[in-house]
Protein chains: 2
Amino acid sequence: MVTLKDVAAKAGVSMSTASGAMRGLDSFKPQTIRKVRKIAEELGYKTNVSAKSLRSGRNDTITFLTSGIQGVYFSQLATCFANELHKRGLHMLIELSQYIDDDANTGTTFMMTDGIIATNARNVSKILGSHPTVLLEDYSEDCLYDTVNAPSAAGSRAAIRHLYEKGCRRIGIVGNVLPETVDFGFPRDVRLYAAADELKRLGIDYDPSNCLKTIGSRQGGRELAHRLADEGLQYDGLYCLSDGIALGMLLGFAERGIKVPEQVAVIGFDGVVEDEFSFPTLSTIATDFEGMASTAVSMLMRRIEHPEDELSPQRVSVGYRLIERASTAR
Amino acid sequence: MVTLKDVAAKAGVSMSTASGAMRGLDSFKPQTIRKVRKIAEELGYKTNVSAKSLRSGRNDTITFLTSGIQGVYFSQLATCFANELHKRGLHMLIELSQYIDDDANTGTTFMMTDGIIATNARNVSKILGSHPTVLLEDYSEDCLYDTVNAPSAAGSRAAIRHLYEKGCRRIGIVGNVLPETVDFGFPRDVRLYAAADELKRLGIDYDPSNCLKTIGSRQGGRELAHRLADEGLQYDGLYCLSDGIALGMLLGFAERGIKVPEQVAVIGFDGVVEDEFSFPTLSTIATDFEGMASTAVSMLMRRIEHPEDELSPQRVSVGYRLIERASTAR
DNA sequence: CTGAAAGCGCTAACAC
DNA sequence: GTGTTAGCGCTTTCAG
């Protein structure tokens with residue numbers, strides 16, 4: 001194992017010079033920097049991150065805390081973060097939130113990261129305080145951490161207007177109900193209430209409690225579609241609070257021979273790649289995933305690099321694009 | 001920051017005792033262990049993994065090196081590994097192979113892991129030697145590293161037999177062609193040749209060069225289905241070398257109004273969850289993903305924990321299950 | 001601009 | 001069984 005000491009010796013400089021030169025501190029002569037780096041290269045020197053972390057307190061690693069990396073939404077989100085972190089020379093540690101509470105081990109988990117980016121983090125809040133943290137998709141009233149959200153309210157309104165413009169008047173809203181009680185900190189309710197309000201503005205009265213409920217997104221949407229079909233479809237337009245649900249419904253309708261968009265138009269929310277691989281292809285409110293990733297990482301790095309300026313937590317929303325595809329083309 | 005020193009002081013023991021007790025070494029009195037751990041808990045002690053790694057040389061972190069975490073196959077594989085690693089108290093660092101070559105940074109990346117599990121790793125082989133490594137889905141003649149494979153040959157034969165038993169006689173095989181030249185180290189060719197051979201055994205002659213080729217899996221399958229439909233479908237059974245392709249084809253056929261399985265039966269290979277969310281649902285050769293994960297991690301840990309016994313690299317295959325769904329139900 | 005020295009928090013030998 | 005000691009490889013004052 002070749003260490004910095006070896007590099008320093010071979011280059012005829014001290015360890016501290018070698019260290020500084022490798023990192024390119026500008027108090028060193030360009031000449032020295034070049035020399036040291038060349039030797040390091042020749043020797044195949046690799047910096048030992050444990051030692052570096054121990055001394056500097058930095059790990060160059062961010063934990064992506066998520067409820068899963070499977071499913072249309074999360075795998076896309078995780079991919080965007082993987083790319084964004086790489087761009088900045090950071091590593092991504094994946095931690096599944098389902099495992100966070102189950103043992104004492106947890107504490108050590110987070111010692112090796114400089115910060116945490118968390119989705120659906122309300123139930124794991126106890127570990128969050130330990131590091132700089134950015135939340136994704138959290139709408140709680142108390143804004144305890146920097147947060148980056150999808151444009152849930154504005155996007156929902158746009159979805160409703162789109163259906164309306166397509167001539168839909170018997171509009172339904174479909175959401176995924178979690179086992180827990182309703183919570184306004186979740187995107188679901190923000191989207192639902194914004195959509196209901198937009199409906200009212202268009203002169204259609206809608207009580208949010210009439211929201212069509214699914215249990216599970218993909219399979220839940222599918223089963224709901226079956227049920228709606230079997231009961232005699234009463235809607236001519238459906239806004240699904242997530243693409244996962246919408247994709248499931250499209251499948252369910254296909255299985256029951258219901259024509260989309262002829263009999264019922266369907267629009268989702270998220271903008272995942274699978275939207276182009278459904279039959280028919282799915283119209284959606286596409287969240288700017290890349291924007292979420294870059295904003296979240298920027299906010300996090302600012303906290304990490306300047307812990308001294310104690311700004312109060314900020315909450316920002318990224319933009320959306322309405323993508324019209326076959327499922328609402330009429 | 002509360003350190004082991006603080007715990008030791010408060011517990012009235014030495015640091016080494018505290019260290020050993022925390023780790024539960026059996027040379028300590030149960031009483032001592034309990035006491036130390038209780039104090040640690042009270043003080044909110046969290047072990048500093050950098051210091052631990054620096055000293056012990058172990059990181060309790062495994063790098064999952066993959067070409068992506070999106071797509072039906074990889075997200076499922078990654079999920080299985082995340083679960084398996086967690087079971088063993090290990091962390092998962094995700095590294096995208098597309099980024100491996102692009103800078104010097106790479107070297108340090110792998111300093112913080114104890115080992116590497118790599119999919120599609122033939123093009124990044126230069127970094128592999130540095131750590132204990134397990135390859136996934138590598139069929140190269142030279143077996144340089146421990147390898148865990150899907151049951152590509154046996155599974156392919158089973159797929160063909162299944163189509164045959166369903167009465168298919170005009171059977172096509174569909175594979176995803178990589179931009180690079182054909183390479184027998186990839187699962188693709190192993191599957192193709194095994195399938196061709198099985199066809200011959202059933203009295204149907206098949207030249208592997210007649211394999212139907214797609215570029216990209218999901219979209220590629222879809223476009224191929226369009227083309228086959230437009231040319232007047234000549235097949236009554238199709239074996240797709242991966243579920244991604246098969247799912248794309250199912251979609252393409254639906255878009256062209258071709259009935260599956262009535263006009264053509266389709267079977268895939270992998271066994272991803274999306275198979276149950278296609279229309280029609282997809283029959284497949286399901287690889288034992290959990291088995292792959294647990295086998296791969298076991299092999300890796302043995303190398304990490306006993307670097308001294310220099311066993312020659314082993315290659316193992318996991319089992320498969322033929323899952324019959326709607327796409328071949330006739 | 002560079003070097004010497006201290007020590008981050010922990011574990012592994014070796015005493016006792 | 002438990003304590004003492006010596007570092008792991010690096011960064012960071014602080015001199016010069």
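Please read all numbers here as calculations on a predicted model, not as lab measurements. A, B, ... follow the sequence lines: proteins, then strands. Residue 1 opens every chain.
Summarising the geometry, the separation between CG on Asp60(A) and C1' on dT11(D) is reported as 14 Å, rounded to the nearest angstrom. dC1(C) atom P lies 13 Å from atom CG of Leu25(A), rounded to whole Å. Note: NZ (Lys29(A)) to C1' (dC1(C)) measures 7 Å, nearest angstrom. Atom CG in Asn59(B) sits roughly 14 Å away from atom C1' in dC10(C) (whole-Å rounding). dC8(C) atom P lies 11 Å from atom CG of Asp6(B), rounded to whole Å. The CG-P distance, from Asp26(B) to dG1(D), rounds to 10 Å in whole Å. For the pair Arg58(A) CZ and dC10(D) P, the interatomic distance rounds to 18 Å; values are reported in whole Å.
Ion pairing between a basic and an acidic side chain is recognised when a charged N comes within 4.0 Å of a carboxylate O; Glu41(A) and Arg37(A) show no such pairing. Asp146(B) and Arg303(B) are joined by a salt bridge, as a carboxylate oxygen and a charged side-chain nitrogen come within less than 4.0 angstrom of each other.
Atoms CG and CD, from Leu77(A) and Glu137(A) in turn, are 8.5 Å apart once rounded to the nearest 0.5 Å.
Although no hydrogens or angles enter the test, the distance criterion places a donor-acceptor pair under 3.5 Å between the side chain of Ser298(A) and the main chain of Ser294(A). For Asp138(A) (side chain) and Ser140(A) (main-chain N/O), a donor-acceptor pair under 3.5 Å exists by modelled atom type. The backbone N or O of Lys5(A) sits less than 3.5 Å from a side-chain atom of Thr3(A), completing a donor-acceptor pair. Under the 3.5 Å distance criterion, the side-chain polar atoms of His86(A) are left unmatched by any main-chain donor or acceptor of His91(A).
For dC10(D), the OP1/OP2 oxygens have no side-chain nitrogen or oxygen of Ser19(A) closer than 4.0 Å. Phosphate contact (OP1/OP2 of dT2(C), side-chain N/O of Thr17(A), threshold under 4.0 Å): absent.
A donor-acceptor pair shorter than 3.5 Å cannot be found between the side chains of Ser50(B) and Arg55(B). In this model, a donor atom of one side chain and an acceptor atom of the other lie less than 3.5 Å apart for Ser14(B) and Thr17(B).
Residue Thr32(A) is in sugar-phosphate contact alone, with no base atom involved, counting any heavy-atom pair closer than 4.0 Å across all strands shown.
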Below 3.5 Å is the cut-off: list the nitrogen or oxygen pairs between protein and nucleotides 13-16 of chain D, distance only.
none

Check nucleotides 6-9 of chain D for protein N or O atoms closer than 3.5 Å to its own N or O atoms and list the pairs.
unit_1	atom_1	unit_2	atom_2	d
dG7(D)	N2	Arg55(B)	NE	3.4
dG7(D)	N2	Arg55(B)	NH1	3.2
dG9(D)	N2	Ala51(A)	O	3.4

